[in-house]
Amino acid sequence: MVLKNDRFLKALLRVEVDVTPVWMMRQAGRYLPEYRAIRKQAGDFLSLCQNPELACEVTLQPLRRYPFDAAILFSDILTIPDAMGQGLYFVEGEGPKFRKVIRTAEDVENLPDVDIASELSYVTDAVSLIRRELNGQVPLIGFSGSPWTLATYMIEGGGSKDFRLAKKFMYDNPEAMHELLSKLARAVTDYLNAQIQAGAQAIQIFDTWGGILTTQSYQANSLNYMKSIVENLIPENEGRKVPVILFTKNGGQWLESIVDTNCSAVGLDWTTEIGIARERIGSRAALQGNMDPTLLYTSPDAIRREVKQILKSYGPGAGHVFNLGHGITPEVDPDNVAVFVEAVHEFSAQYHSGE
């Protein structure tokens, strides 16, 4: 199937494009009234994730409103721990929770291997369905949480303000922690490869909580496992390279080390100046980011000014995928998203010499 708009994939491979491509983390989500209607129909968030037809519909909703340059699979980063029997559930206003938690080395030993084909078939079925429904309009991004990020939820039993249980486990039980991270890395690799085989054309690994670690702990407990995943992913499918984006929130201080994984692109949050990031890594990888999501609560003029500033900071040439520095939040006015996307396309043309 011919891809009608491939500027996102080209930018990830640092190939020149006509305008800077843009998509948005959590672009299929609660800020859209049509999403809220589907979620109500599904009954709860997990049921929505586990229904390929509804997950496909939600994935496509933002593309009907906005000229995004990529779609991202609608799912959750915690599908793998759930498939390991941890009992994922969601509490309104509190986020994800697990019925079982990791507290001992024995808990880690007792974790089963994940049979992706049977236990996570709802995800790969959704990928296949979305690809068919997209009909070559834009590429589809598959994703997973990083092993470290998944481990924090499995140990804490949900989200955390200080991650003291996860860090305590890491420091007190380093062998058990590495066994847990190894199991998760194998599962994530298999999971992402299954998404690629089902039709995902690019991959993003969300290392949401890597930035809570010291430099030494980040290298050992997060980055090394993401590097292993990158090395073992299917490099090409359907005659195209499958680019991989690594996104460590609050990871700007480790840019050079992240690029050493041989990922295609580094996702930046808003705390790192994108122009300085480009100077630091040169042409070794593309950069994705990095507008502060809070800007979407401001006026159209403020949004347009910030888009201009980020584009100016990155400068001319290939290798930039525009995004927020983290996911869009639920209370944003959908009209402001239109301003954001249109501004990126409008103001970025001057920085490109064309295809």
Side-chain angles (χ1 to χ4, degrees), residues 3-25 27 67-72 138-143 200-207 223 226-227 230 233 235-236 240-249 251-292 306-326 340-355:
L3 194 53
K4 302 179 184 77
N5 173 357
D6 65 351
R7 59 170 73 110
F8 167 72
L9 297 179
K10 284 182 171 178
L12 289 177
L13 300 176
R14 303 184 307 285
V15 174
E16 188 53 272
V17 290
D18 55 341
V19 296
T20 301
V22 56
W23 69 281
M24 194 171 65
M25 288 185 276
Q27 68 187 27
F68 283 123
D69 295 295
I72 183 165
V138 292
L140 175 61
I141 305 165
F143 72 91
Q201 292 149 293
I203 293 297
Q204 175 151 318
I205 298 175
F206 286 89
D207 186 32
L223 195 60
M226 291 196 289
K227 185 175 192 291
V230 172
L233 289 181
E236 290 187 21
R240 275 185 179 268
K241 184 172 171 56
V242 181
V244 182
I245 308 160
L246 296 189
F247 174 63
T248 294
K249 189 175 179 229
Q253 66 271 41
W254 302 312
L255 277 178
E256 293 83 357
S257 298
I258 295 171
V259 174
D260 285 342
T261 64
N262 291 320
C263 62
S264 309
V266 181
L268 301 174
D269 67 20
W270 64 93
T271 63
T272 299
E273 177 70 29
I274 198 167
I276 295 172
R278 189 181 188 188
E279 288 175 11
R280 285 169 58 187
I281 68 169
S283 60
R284 296 176 60 206
L287 290 170
Q288 178 176 279
N290 62 333
M291 192 174 90
D292 182 347
E306 185 67 10
V307 167
K308 282 183 179 179
Q309 175 55 39
I310 292 168
L311 289 168
K312 181 181 179 182
S313 178
Y314 185 86
H320 183 198
V321 171
F322 212 110
N323 207 315
L324 303 178
H326 201 239
F340 164 66
V341 177
E342 288 159 11
V344 173
H345 287 154
E346 177 186 348
F347 299 135
S348 65
Q350 64 182 300
Y351 295 103
H352 299 281
S353 57
E355 295 182 70

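Along the sequence shown, residues carry numbers from 1. Source: prediction; values computed, not measured.
- His320 has its side chain within reach of Leu311: a pair of non-hydrogen atoms, C-beta onward, lies under 4.5 Å apart.
- Nearest approach of Ala11 to Val17, heavy atoms of both residues: N-CG1, 4.2 Å.
- Of the possible polar contacts, one joining the Ser348 side chain to the Thr20 backbone as a donor-acceptor pair under 3.5 Å is found.
- In this structure, Asn323 and Met25 have side chains that are in contact, with non-hydrogen atoms separated by less than 4.5 Å.
- The main-chain N or O of Thr272 is found under 3.5 Å from a side-chain atom of Asn290 such that the two form a donor-acceptor pair.
- The closest side-chain heavy-atom distance from Phe143 to Ile72 is below 4.5 Å.
- Checking each of Arg7, His345, His352 against Asp18 for a side-chain hydrogen bond (donor to acceptor under 3.5 Å, both in side chains) leaves exactly one that passes, namely Arg7.
- For the pair Gln27 (side chain) and Ala70 (backbone), a donor-acceptor distance under 3.5 Å is present.
- Within the 3.5 Å criterion, the main-chain N or O of Ser283 finds a donor-acceptor partner in the side chain of Arg14.
- Of all heavy-atom pairs spanning Pro21 and Asp69, the tightest one is CA-OD2, 3.1 Å.
- With Phe322 as the fixed residue, the ring-ring contact (aromatic ring centres under 6.0 Å, His included) test singles out one of Tyr314, Tyr351, Phe340, Phe68: Phe340.
- The two atoms that bring Ile245 and Gln288 nearest to each other are CD1-OE1, 3.4 Å, heavy atoms only.
- Taking the side chain as every heavy atom from C-beta outward, Val266 and Leu246 never approach each other to under 4.5 Å.
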